[in-house]
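Here is the naming used below: chain letters follow the sequence lines, and residue numbers restart at 1 for every chain.
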Amino acid sequence: MLTLTEVVVPSEAVRVAQPQVQAYFETQLIGDGTLIVAESCVVWKAANSSNGFRLPYPSIIVHAVSVDLSSFPHEHILVLIDANKADLNVHEAEMNGDAEESGDDAGSEGTSYTIRFVPTDRSVLNTIYKEMSECQALNPDEEDEISDEEEGEGAVIEEEGPDMEAGGQRWYTADNIDEVELSEEGQANLRRIFGGMEERTENGTGDRHGDGHSGTRDDEHMEE
Amino acid sequence: MSKRQNPSEFLKQIIGKPVVVKLNSGVDYRGILACLDGFMNIALEQTEEYQDGQLKNKYGDAFIRGNNVLYISIHKR
């Protein structure tokens, strides 16, 4: 169970401020409120209250548009939160119950929480998703974690204005992947993500090496 | 690990393809690798979430923060 705390609503660099958004913690309804997607963080504030919760972008492992009504009865924005990177007031007892359900990987290290945002106006789902994606790119992980008094209190909102030219802003698709430029963080991630590919098999694939660097443009055969 | 060709040569072989993205937490996301950015943040389309081999959820679009990705592999359908 998530307990709401007083939140500072971002007033600058706000991309989306959507009223009438229900928030769920795991599958439990927290209430109705306003979802604010700002460049500095995502905040949900309960209606008629100054309480809510704040999600810094580095704590958001995944955000997605959920359309599968068989797993949850409303279309929604799902966010998966790294418990260690978000300052959420969660009662552990209930969480343990949930965590044990999923079995083998006990231990609090990789604890994550699922939060769902269900806007009354479903047409904003894609906008929220897109704005969150852009803001994620504005908030790479800090090399050294800035201490709480610097970052945590919402004070950072005042100084906002991250430069729009900042790295990571550009998206690469099949059309422009030739121009890809990775930041240092991106390169480190790339090495980590693909470093061990040879050792894996995923449905019999995942093995790409050998003489794969023939370098031809239509080298489509990495699966083989 | 052997050194590979530059990132664009490599990445263009997987972009637009069905992939499996495994998170550090052990959860799998399977979908089309639509695009990525300079931090290796990843956007998938037609995404399915698997936990312990079981389909848990489906998403239209899903955005995964690069730091949380354990690996990506091609998913042959």
Distance, nearest 0.5 Å, that separates NZ of A:Lys85 from CG of B:Asn68 | 5.5 Å

Between chain B and each of A:Val67, A:Asn126, A:Ile61, A:Leu80, count heavy-atom pairs under 4.5 Å; write down the option with the most.
-> A:Ile61

Calculate, to the nearest 0.5 Å, the distance between atoms CE and CD belonging to B:Met40 and A:Glu185 respectively.
-> 11.0 Å

How many angstroms lie between atom CG of A:Leu190 and atom CG of B:Leu11, to the nearest 0.5 angstrom?
-> 5.5 Å

Is the closest side-chain heavy-atom distance between B:Cys35 and A:Tyr172 below 4.5 Å?
-> no

Per-residue contact mode, A:Leu125 against chain B (heavy atom under 4.5 angstrom) = neither

List the steps, then state whether side chain to side chain contact (heavy atoms under 4.5 Å, CB included) holds for A:Trp171 with B:Asn41.
-> CA-CA 9 Å; A:Trp171 282 92; B:Asn41 294 324; 4.3 Å; yes

Please flag which part of A:Tyr57 lies under 4.5 Å from any non-hydrogen atom of chain B: side chain, backbone, both or neither.
-> both

Going by an N to O cut-off under 4.0 Å, is there a salt bridge joining B:Arg65 and A:Asp82?
-> no

Closest-packed option against chain B by number of heavy-atom pairs under 4.5 Å, given A:Ile60, A:Leu78, A:Ile77 | A:Leu78

Heavy-atom closest contact (A:Ser66 atom, B:Asn57 atom, distance) | OG-OD1, 3.3 Å

dist B:Ile14:CD1 -> A:Ile177:CD1 (nearest 0.5 Å) comes out at 8.0 Å

Pick from B:Leu33, B:Asp61, B:Val21 with the largest number of heavy-atom pairs that fall under 4.5 Å of chain A | B:Asp61

Whether A:Tyr129 and B:Phe63 hold their rings parallel, tilted or perpendicular, with breakpoints at 30° and 60° | perpendicular

Return the option, out of B:Ile64, B:Val69, B:Thr47, B:Leu36, with the maximum number of heavy-atom pairs under 4.5 Å with chain A.
-> B:Leu36

Is the shortest heavy-atom distance from the side chain of A:Val65 to the side chain of B:Tyr59 under 4.5 Å?
-> no

Nearest 0.5 Å please: distance from the NZ atom of B:Lys56 over to the CG atom of A:Asp68.
-> 12.0 Å

Residues B:Asp37, A:Arg170: salt bridge by 4.0 Å N-O rule | no

Do B:Leu23 and A:Val62 come close enough that some side-chain heavy atom pair is under 4.5 Å?
-> yes

Okay, A:Glu181 and chain B: the region with an atom under 4.5 Å from a heavy atom over there is backbone

Nearest-0.5 Å distance that lies between atom CZ in A:Arg192 and atom OH in B:Tyr71 = 13.0 Å

Let me know if B:Asn24 has heavy atoms under 4.5 Å from chain A in its side chain, its backbone, both or neither.
-> side chain

Within-4.5 Å side-chain heavy-atom neighbours: A:Ile193 and B:Leu70 = no

